Participant: 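Before I ask anything, let me first share the structure, which is written out below as C-alpha cells.
What you see is a predicted model, and the numbers here were worked out from it, not measured in a lab. Reminder, nothing fancy here: chain letters follow the sequence lines and each chain counts from 1.
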There are 2 protein chains.
Amino acid sequence: MPQAIKNRPRLSIAEDINRNIDYLTRTERQCARVLLSNYPFIGLEKVASFAKRAEVSAPTILRLVGKLGFSGYPEFQQRLREELEERLQTPLTKHEEPQSALEDDDFLAKYSNSVERNLSRTLKALPRAEFEAVLKLLSDVKRPVHLAGGKLTSTIADYFYRHLIMVRPNVRRIENDSYAWSEHLIDMDRRDVVIIFDVRRYQPELLELARLSSQCGARVVLFTDQWLSPVSGIANHVIPVRIDVPSSWDSAVSTLMVVEAMIAALSNRDWSRVEARVKAREKLAEKSRLEN
Amino acid sequence: MPQAIKNRPRLSIAEDINRNIDYLTRTERQCARVLLSNYPFIGLEKVASFAKRAEVSAPTILRLVGKLGFSGYPEFQQRLREELEERLQTPLTKHEEPQSALEDDDFLAKYSNSVERNLSRTLKALPRAEFEAVLKLLSDVKRPVHLAGGKLTSTIADYFYRHLIMVRPNVRRIENDSYAWSEHLIDMDRRDVVIIFDVRRYQPELLELARLSSQCGARVVLFTDQWLSPVSGIANHVIPVRIDVPSSWDSAVSTLMVVEAMIAALSNRDWSRVEARVKAREKLAEKSRLEN
DNA sequence: CAAATTTTGTAACTGTAATTACAATATCTG
DNA sequence: CAGATATTGTAATTACAGTTACAAAATTTG
C-alpha cells in the first residue's frame with residue numbers, strides 16, 4: 001500500500017501512525033517514531049528541524065505527511081494544533097487516573113473538578129493590571145457605577161450590584177429592558193463607569209449599550225468568556241473568564257469568583273469607611289422596621 | 001516605557017503580558033487579550049491567522065511580539081512551543097507552583113485559592129444521597145418548584161430559577177417580600193418543592209417561610225453554609241456548602257457550583273426533552289420579537 | 001548478480017509567510 | 001481646534017519554508 005493511507009473518521013494522528021506503521025518505509029518509520037517519542041511537539045517545528053531530529057531529509061518528512069493523508073505540511077500542523085488544544089481542554093479524562101473511579105458515578109465531583117480547572121485557568125489568564133484598574137475605578141466613590149448583564153448573566157450583575165451598594169455609594173443597576181437605558185445615559189459622562197457582563201451567545205443589545213455609553217465618554221468594563229464578546233472592541237477594560245463545563249449550559253462560577261474577589265479587595269482596602277457604611281445602613285434598616 | 005519591554009529572568013509569555021499590559025497600545029492589548037484568552041494556541045498559528053482572530057493587521061502582531069522582546073515571530077513561536085512542552089511534561093507540579101510565590105502580592109490568586117479550597121471541602125462534605133434526592137424531586141416535572149433566598153442569596157436563587165425554567169416547567173420564584181408569600185402558599189400541597197437559600201446571618205423570614213411551607217406538606221430543600229441555618233431543622237433535604245473566604249463577605253461560589261451541577265445533571269439526564277423545550281422557547285422568543 | 005523497482009537525498013524552484021517602509025488615521029497637547 | 005505625536009493599516013519587499021524534479025543509492029526480484 002504505497003499510496004496515501006486512507007483518512008479514517010477521526011483518529012488522532014498518533015493512532016493513525018500506530019495502525020499503519022507497516023505501510024511506511026524505513027526512514028519514514030524513523031520519522032514517525034521520533035514524532036511519537038515526544039508527541040506532538042516535533043511536528044510543530046519547521047520541516048527542517050523535524051528532518052534533522054529524525055536524521056532524514058526534508059522530503060522524507062513530507063512524503064510521510066502525504067501518506068498520512070494530508071495535502072501539505074501546514075495542514076498536518078494545523079491538525080496537530082487542534083488535537084493538542086482539544087486534549088488540553090479535557091485533561092482529566094485522558095491524563096489523570098486516580099479520580100476516574102469517582103468520576104464515573106459521581107457527577108458532582110466531575111463537575112466540581114472542571115469548575116476548579118476553570119478557576120485556575122481564569123486566574124492564570126487574567127491580566128492583573130486590568131483587575132487593578134477596575135478596582136481603582138470602583139474605589140473612586142465619585143464615579144457613578146452602572147451594571148448590566150445579559151439574559152443569564154444579569155444575575156451576576158445583580159450579585160455584584162447588591163454587594164457594591166454595601167461598599168460604596170453611587171451604584172445603579174441597568175435594567176435588562178433597553179427602554180430604561182436613557183435614564184442612565186442621560187447623565188453619563190467621562191466620570192461614569194459601566195460594567196457589562198456578556199458571555200457566549202453575546203447579546204446585540206449589550207454591544208449597543210456599550211457603544212452608547214462609550215460615546216458619552218464613560219469607562220466601559222467588560223466581563224466576558226475566553227472567546228471575547230464583541231464588546232471587547234469598545235471596552236476600556238476586559239476581564240476574561242473561563243465558562244466551559246461538561247454541561248449544556250455555561251458556568252458562571254469563575255465570573256462570580258472574580259466579582260467576589262473585587263468586592264473583597266475593595267472592602268479590605270479601606271475597611272473603616274465600609275464598616276461605617278454597613279453600620280449606618282443597619283441602623284436605618286432597624287429604624288424603618290420599627291416604624292412599620 | 002514605549003520601548004521594548006525588558007525580558008526578565010524566565011517569565012512565561014503569559015505572565016510577561018499580564019505584567020506589562022499597560023505599556024501596550026489599544027490594538028496591541030487586543031492581540032494580547034486574544035492570545036491569553038486561549039493561550040497559547042493562537043500564537044502557534046501563522047501571523048495572518050492570529051491577526052484575523054484579533055481583528056488587527058499583521059504588523060500589529062509583530063510589533064507586539066517585538067515589544068515582548070523577541071527578534072521575530074518564529075522566535076516567539078519557538079518559545080511558546082517550549083513553554084507548552086515543558087508544561088505538558090509536568091502535569092502536577094505546575095498546579096502548585098504559583099501559589100506560594102504569588103500569594104503575597106496577588107490578592108486575586110489568594111482569593112481564588114481559598115475559593116478552590118471551599119469547593120473541594122464542599123465536595124467532600126456533601127452527602128451524595130441528598131444531592132440525588134433533590135435531583136429526583138426536580139426531575140419530576142409534575143412537582144411545582146418554588147425558589148426563595150435571603151438578602152444576598154436571592155441572587156443565587158434567581159440564577160437557579162432562570163436555568164430551571166429552561167429545563168422544566170412549573171417553576172416559580174418567591175419574591176423577597178413576604179407579603180407575596182400567600183400567592184405561593186395558597187395552592188401548596190405535598191407535591192410542591194420549596195427550595196430555600198439561607199446562609200450566615202440567617203433571616204428569620206426564611207425560617208417562617210419554611211415552616212409555613214412544611215405545614216402545607218411541601219418538601220423543603222435547603223442550601224446553607226457549614227454551620228447550618230435553623231431552617232435545617234424543618235427541611236427535608238439539606239445541602240451544606242462552604243462559604244468562608246478572606247473577606248468581610250461570604251462567598252457564594254460553592255453554592256453556585258452545586259446549583260450549576262444540578263442543572264447540568266438534570267439537562268444531561270434527558271437532554272432530548274430539554275432540547276425540545278429550549279427550541280420551542282427560542283421559537284416563541286423569535287415570534288414575539290417579530291410582533292414588536 | 002544484474003535488471004527492475006523502490007527508496008532516499010540533493011538541489012533547484014515556488015509560493016507564501018514574515019518583515020519593512022510609508023502613508024493614513026487617530027490621539028494627544030497646548 | 002490646529003499642530004504635534006503616536007498608532008495603525010496597506011502595500012511592497014524580502015526571506016525562507018515547503019515543495020518538486022531528478023538523480024543516486026538501496027533494495028528487491030528473476
Participant: With a cut-off of less than 4.0 Å, is there a side-chain N or O of B:T60 near OP1 or OP2 of D:dG9?
Facilitator: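 Yes, B:T60 has a side-chain N/O under 4.0 Å of OP1/OP2 on D:dG9.
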
Participant: I need the CD-C1' distance between A:E75 and C:dT16, as an integer number of Å.
Facilitator: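 So the two atoms are 16 Å apart, to the nearest Å.
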
Participant: Can you tell me the distance, in whole Å, between the CZ atom of B:R26 and the P atom of C:dT27?
Facilitator: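 Spelled out: CZ on B:R26 to P on C:dT27 is 6 Å.
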
Participant: Verify the contact: side-chain N or O of A:T25 to OP1 or OP2 of C:dT8, cut-off strictly under 4.0 Å; return yes or no.
Facilitator: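 For C:dT8, OP1/OP2 do have a side-chain N/O of A:T25 under 4.0 Å.
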
Participant: Between B:R29 (CZ) and D:dA6 (C1'), how many Å, whole number?
Facilitator: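 Rounded to the whole Å, the gap is 14 Å.
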
Participant: How close or far is atom C1' of D:dT7 from atom CG of B:L62, stated in whole angstroms?
Facilitator: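 In whole Å, D:dT7 C1' lies 15 Å from B:L62 CG.
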
Participant: Determine the contact category for B:R63: base if any of its heavy atoms lies under 4.0 Å from a base atom, sugar-phosphate if only primed atoms, P, OP1 or OP2 are that close, otherwise nothing.
Facilitator: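 It contacts base atoms.
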
Participant: Is B:R53 salt-bridged to B:E45, going by a charged N under 4.0 Å from an acidic O?
Facilitator: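 No, no charged N to carboxylate O under 4.0 Å.
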
Participant: Between C:dT6 atom P and A:Y23 atom OH, what is the distance in whole Å?
Facilitator: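 So the two atoms are 17 Å apart, to the nearest Å.
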
Participant: Could you give the CZ-to-P distance, from A:F50 to D:dT19, as a whole number of Å?
Facilitator: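 Spelled out: CZ on A:F50 to P on D:dT19 is 13 Å.
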
Participant: Between C:dG9, C:dA18, D:dA11, spot the one nearest the side chain of B:P59, thanks.
Facilitator: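 Out of C:dG9, C:dA18, D:dA11, the nucleotide with an atom closest to B:P59's side chain is D:dA11.
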
Participant: Under 3.5 Å, side chain of A:E83 to main-chain N/O of A:I13, donor-acceptor pair present?
Facilitator: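 Yes, the answer is positive, given that a donor and an acceptor are paired below the 3.5 Å cut-off.
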
Participant: Does a side-chain N or O from A:S57 land closer than 4.0 Å to OP1 or OP2 of C:dT8, or not?
Facilitator: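 For C:dT8, neither OP1 nor OP2 has a side-chain N or O of A:S57 closer than 4.0 Å.
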
Participant: Roughly how far, to the nearest 0.5 Å, is CD1 of A:I156 from CZ of A:F223?
Facilitator: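 So the CZ of A:F223 and the CD1 of A:I156 are separated by 10.5 Å.
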
Participant: Going by the rule salt bridge (charged side-chain N to carboxylate O under 4.0 Å, His left out), which residues pair with A:R29 if we only count those two or more places apart in sequence or in a different chain?
Facilitator: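 For A:R29, no residue satisfies salt bridge (charged side-chain N to carboxylate O under 4.0 Å, His left out) once neighbours in sequence are set aside.
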
Participant: Measure from CD on A:Q78 to C1' on D:dG18 and round the result to the nearest Å.
Facilitator: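 These atoms are roughly 16 Å apart.
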
Participant: If you check every side-chain atom of B:V47, which of C:dA11, C:dA18, D:dT8 has the closest atom?
Facilitator: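 For B:V47, the side-chain atoms sit closest to C:dA18.
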
Participant: Which of these nucleotides, D:dA17, C:dT20, C:dT19, is closest to any side-chain atom of A:K46?
Facilitator: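 Side chain of A:K46 sits closest to D:dA17.
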
Participant: Under the criterion side-chain contact (heavy atoms from CB on, under 4.5 Å), which of A:M188, A:R143, A:H237 is the partner of A:V193?
Facilitator: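 The passing option is A:R143.
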
Participant: What integer distance in Å separates B:L64:CG from D:dT8:C1'?
Facilitator: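 The distance from CG of B:L64 to C1' of D:dT8 comes to 14 Å, rounded to the nearest Å.
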
